[in-house]
Amino acid sequence: MDSSYKAIGVEQKWQKKWDKSKLYKVDLKSKKPKYYNLVMFPYPSGDKLHVGHWYNYGPADSWGRYKRMNGFNVLEPMGFDSFGLPAENYAIKTGVPPQESTARNVKYMIKQLSAIGTMYDWEKMVNTSEPEYYKWTQWVFLELYKKGLAYKKEAPVNWCPGCMTVLANEQVQEGKCERCGSLVTPKNLNQWFFKISNYAENLLDHSKLDWPEKTKVMQTNWIGRSEGVFWQQKIKDFDIKIEAFDSVPQTYMAQTFAVIAPEHPLVAKLVKGTKQEKAVMAFVEKVKKKKMANKFDVEADSEGIFTGRYIDNPFGTGDLPLWIASFVVMGYGSGIVNCSAHDERDFAFAKKYNIPLKPVMAPADPVEAKKVMNLEYCYHHDPEAIMQLPEKFKGRKWGEARKDIIKYVEEKGIGKAAVNYKLKDWLISRQRYWGAPIPMINCKKCGMQPVPKKDLPVILPIKGVDYKPKGKAPLASVPKFVNTKCPKCGGKAEREVDTLDTFMCSSWYYLRYLSAKDKVKAFDMAAVKKWLPVDTYIGGPEHACMHLLYARFIHKVLMDDKKAEPFKRLVHQGLITKDGAKMSKSKGNVVSPDEFVAKYGSDVFRMYLMFMGPFTEGGDWSDKGITGIARFTDRFWRLISDENVKVEDAVALKRTLHKLIKRIKEDIEKMQFNTAVAALMEFVNFANKNGVDKAGKKIIAQLIAPLAPHLAEECWELLGNKTSVFDSKWPTYDPKLAVDSTVRIGVQVNGKVRGEIEISKDANKEEAFKSAKSQENVLKYLAQGQVVKEIYVPGKIIGFVVK
RNA sequence: GCCCGGGUGGCGGAAUUGGUAGACGCGCAGGACUUAAAAUCCUGUACUAGCAAUAGUGUGCGGGUUCGAUUCCCGCCCCGGGCACCA
């Protein structure tokens, strides 16, 4: 008789049953404790799901199933982040409207996702490119606009003169357009921003979050908080006040020059009509081009030019010549920096252009101090350094004097204590078609007006759109879309033709799942209060500084609570590589799960991925071991379906089962699915020798259920159950039974293992040593000298020290 | 350059409040069943020596602490990821 497990048929059978019985439909109002198990939603490309998708969704689903069996009402939704460039590029190439290709891809992807055997509640699905979704994305924009967090300003974009369009950073390769190869140039455009920088301080607070340390550190560094002062100063002969940020204000007496960023708008004004104007502007152009082409080398291209202007030095140490320096970052601080001898870059710059330097601190060691004062090298970042100047702080330690110096410069009015961040405001407008239109209207009379919320959504037109870029956003080519009435005065007005960054769609979707069909509001606050924060959010670490930061920001704004957090526990799945490289279409190394799933079934494939190693670490793909899991699955099935198994040792079976329940629980809680699978294998090996009763079979069917849902259902049914194993209660264990009564421990002499004894788990010292000394091999080594120390750690080790 | 991870058999990996390193699986070798093969089952498998008992070596490298170190400390090397002129 062929008793082997027929995975394919069984899996289809259960997927149909689950579907029909609506097993995974979630009642959001249920009284059961809630559990929001969220996984980052995918972009619906037309490609098949690859191993990476499975590695993400399979274990995430196993986790949800485990929580469900532990009595939680688990919400496990799925949706599609469907706006974005690939569909638009496809449209440009083929003329197929993104609406069509996207709808097709979504349909295809739902089918594939279902084949994994996940418990998604498809009734709650969201699709960000559908009007019923992006209507509310627009609504979110208007909320931010209302709160004064959305504004417009000029900002540079990557412009491809060949394609006549704006390029995303990743479309620029070595300064050239990735498609046509034209040299990309900077172009200033008036664009929309969100004031995420207003929330910098709140976003730094990770105290309520159970996130990987690495991710929190990445966000912290990204936000880049820095304490210091803004020097208050003016440019000589001009009525222009300028600030300069300084995180090391102790240098104030050391400042001998100042530098300004080449891109700074003041530059042209400062040199206008002077004899150096031409040279300066040429220099500025040169640097700008280099920076835009991403060809800027920090070391090699550190250069500058004197503006001919001076900063009215407020420190009484003489005026500071103002130079343009290529290394100054425009977007940080004010784009102007006061320079001193105690900064590596400033030091090198001054040496290069023969600008005088004046050290004000030195090491305690007099020989080194002399070198520093003679400018032999740049000395910095040492809090133990001794101040040499000015008189007021002379002799004090540099690190310690800092706060008094800040106090002093504030009193003198030459500086203001301040905190500065690297985090820049979020640029949300895109000169693209396939995105949510920005709901704003430009009226010549009334200015920029928000679209009234009752008029949402601003529908993205399908007909008459020229996807091919012609120098303007594609929507500008649709007069029907552009021409509208001013909501304020009723006169002729024009719509905003830019669309929203897709990160905006994904920064609030977890709220929409809770009320996907709601026609009157973006999200149901009662449901949000009940279901948020998301209990576990699973997704790739590449989103640490973009999506995860944006979502936290938007959440705080929408909740009107700067402390609100959307995602409580965050888990990053590891990356699956192929021959050490990230899988990608262009490299042609994408591994498809299809042939494996067709051969072994989705349970085996899922378990194999989990068995490969720790979930958070990923690994290099190899199909070498999948037969091991297939064998295990067969063995498992045979064990369950064999009715003639005799139990040899009932006590041992009981203890082994309780130990197993404990291990599986602990492993799954830590998302170490690999060791959970190993534990089940060990049990099957044990049961094949010792036998297992029906009660035991039921337990292992439950334990394997999160990892191999179809197999578990089939076993569960075979064992006489009429309802789903996922409606059964997760087995519990008795801690007293989950340990062995005896243990095998090693016996060491001088740290080397010389024997092994089996004794009762909590045997006393005498018993243990007696047993140890009954070992011939141990005695041999003990006889080599005097026993000076005896060590006994119950359940772990016996040790003797012999001299 | 700076900040995180990580380095364990032929391979994927297991084990860390310091306590028998290598669970589990793959692969390999031998055996059983079979006319044969596949499938399945059993046995062995870190390396070196030995028939074996056993001994020596062994968790990237070099030191240290300890009765005992994959685990703790110091100094390096290599791999992966992130940031990268942030004054």
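The sequence lines fix the lettering, A, B, ..., with proteins before strands; numbering per chain opens at 1.
- Proximity of the aromatic rings of A/Trp323 and A/Phe257 is defined here by a centroid distance below 6.0 angstrom, and this criterion is not met.
- Nucleotides of RNA chain B nearest to A/Asp246 and A/Ile745 differ in position, and the one nearer the 5' end is that of A/Ile745.
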RNA chain B base-pair string [pairs: Watson-Crick or G-U under 3.5 Å; |: paired with another strand]: (((((((..(((......[....)))((((((.......))))))((((....))))..(((((..]....))))))))))))....
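- For B/C86, the OP1/OP2 oxygens have no side-chain nitrogen or oxygen of A/Tyr421 closer than 4.0 Å.
- For the salt bridge (charged side-chain N to carboxylate O under 4.0 Å, His left out) condition, the pairs that include at least one residue of residues 674-692 of chain A, sequence neighbours left out, are A/Arg663-A/Glu682.
- At a threshold of 4.0 Å, the pair A/Glu227-A/Arg225 counts as salt-bridged, since one of the basic side-chain nitrogens sits closer than that to a carboxylate oxygen.
- With B/C3, B/G27, B/A87 as the choices, the nucleotide that has an atom nearest any side-chain atom of A/Asn221 turns out to be B/C3.
- Centroid-to-centroid, the aromatic rings of A/Phe632 and A/Phe611 stay 6.0 Å apart or farther.
- At B/A23, none of the side-chain N or O atoms of A/Arg663 fall inside 4.0 Å of OP1 or OP2 (strictly under the cut-off).
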Review item, nucleotides 53-56 of chain B N/O atoms under 3.5 Å of protein N/O:
residue, atom, partner, partner atom, Å
B/A55, OP1, A/Arg754, NH1, 3.1
B/A55, OP1, A/Asn777, ND2, 3.3
B/A55, OP1, A/Tyr781, OH, 2.8
B/G56, OP1, A/Arg754, NH2, 3.4
B/G56, OP2, A/Arg754, NH1, 3.1

Sequence neighbours excluded and cut-off under 3.5 Å, please list the side-chain donor-acceptor pairs for residues 247-255 of chain A, or say none.
residue, atom, partner, partner atom, Å
A/Gln250, NE2, A/Trp398, O, 3.2
A/Thr251, OG1, A/Asp246, OD2, 3.4
A/Thr251, OG1, A/Val248, O, 2.8
A/Gln255, OE1, A/Asn338, ND2, 3.0
A/Gln255, NE2, A/Asp246, OD2, 3.4

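- Rounded to a whole angstrom, the distance from the C1' atom of B/C42 to that of B/G81 is 46 Å.
- Relative to the six-membered ring of A/Trp222, A/Arg552 misses at least one condition, a distance below 6.0 Å or an angle of at most 45° to the axis.
- Here B/C24 is the nucleotide among B/C83, B/C24, B/A87 with the atom lying nearest to any side-chain atom of A/Met681.
- Syn is the glycosidic conformation of B/G9, whose angle stays within 90° of 0.
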Under 4.0 Å protein heavy-atom contacts per nucleotide of nucleotides 5-17 of chain B, with B for base, S for backbone only and - for none: -------BSS---
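- For B/G18 and B/C3, the P atoms lie 26 Å apart once the distance is rounded to whole Å.
- Distance check on atom C1': B/G60 versus B/C77 gives 7 Å, rounded to whole Å.
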B/S/- contact track for nucleotides 40-49 of chain B, protein heavy atom under 4.0 Å: SS--------
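- Pairs engaging residues 665-684 of chain A under the ring-ring contact (aromatic ring centres under 6.0 Å, His included) rule: A/Phe615-A/Phe673, A/Phe683-A/Phe686 [sequence neighbours left out].
- In terms of position along RNA chain B, the nucleotide closest to A/Ala678 lies nearer the 5' end than the nucleotide closest to the other residue of the pair A/Ala678 and A/Ile336.
- What separates CG of A/Asn750 from P of B/C67 is a distance of 10 Å, to the nearest Å.
- With sequence neighbours excluded, no residue forms a salt bridge (Lys or Arg N to Asp or Glu O under 4.0 Å) with A/Lys422.
- By the salt bridge (Lys or Arg N to Asp or Glu O under 4.0 Å) test, A/Arg402 pairs with no residue at all, sequence neighbours left out.
- Using modelled atom types, one finds a donor on one side chain and an acceptor on the other under 3.5 Å when comparing A/Ser197 with A/Asp425.
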Extract all donor-acceptor atom pairs below 3.5 Å that involve side chains of residues 783-797 of chain A and protein atoms in other chains or at least two apart in sequence.
residue, atom, partner, partner atom, Å
A/Glu790, OE2, A/Lys773, NZ, 3.0
A/Tyr792, OH, A/Ala763, O, 2.8

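- The phosphate of B/A87 has OP1 or OP2 within less than 4.0 Å of a side-chain N or O from A/Ser247.
- Within the structure, salt bridge (charged side-chain N to carboxylate O under 4.0 Å, His left out) contacts touching residues 320-347 of chain A (residues at least two apart or in different chains) are A/Asp343-A/Arg345.
- Distance A/Arg225 CZ to B/A87 P: 13 Å, rounded to the nearest Å.
- Of the side-chain N and O atoms in A/Ser622, none sit less than 4.0 angstrom from OP1 or OP2 of B/C26.
- The side-chain hydrogen bond (donor to acceptor under 3.5 Å, both in side chains) check on A/Arg655 picks up nothing, with sequence neighbours excluded.
- Residues A/Glu758 and A/Thr742 bring a donor and an acceptor atom of their side chains to less than 3.5 Å of each other.
- Taking atom CD1 on A/Ile759 and atom P on B/U20, their separation rounds to 14 Å, with Å as the unit.
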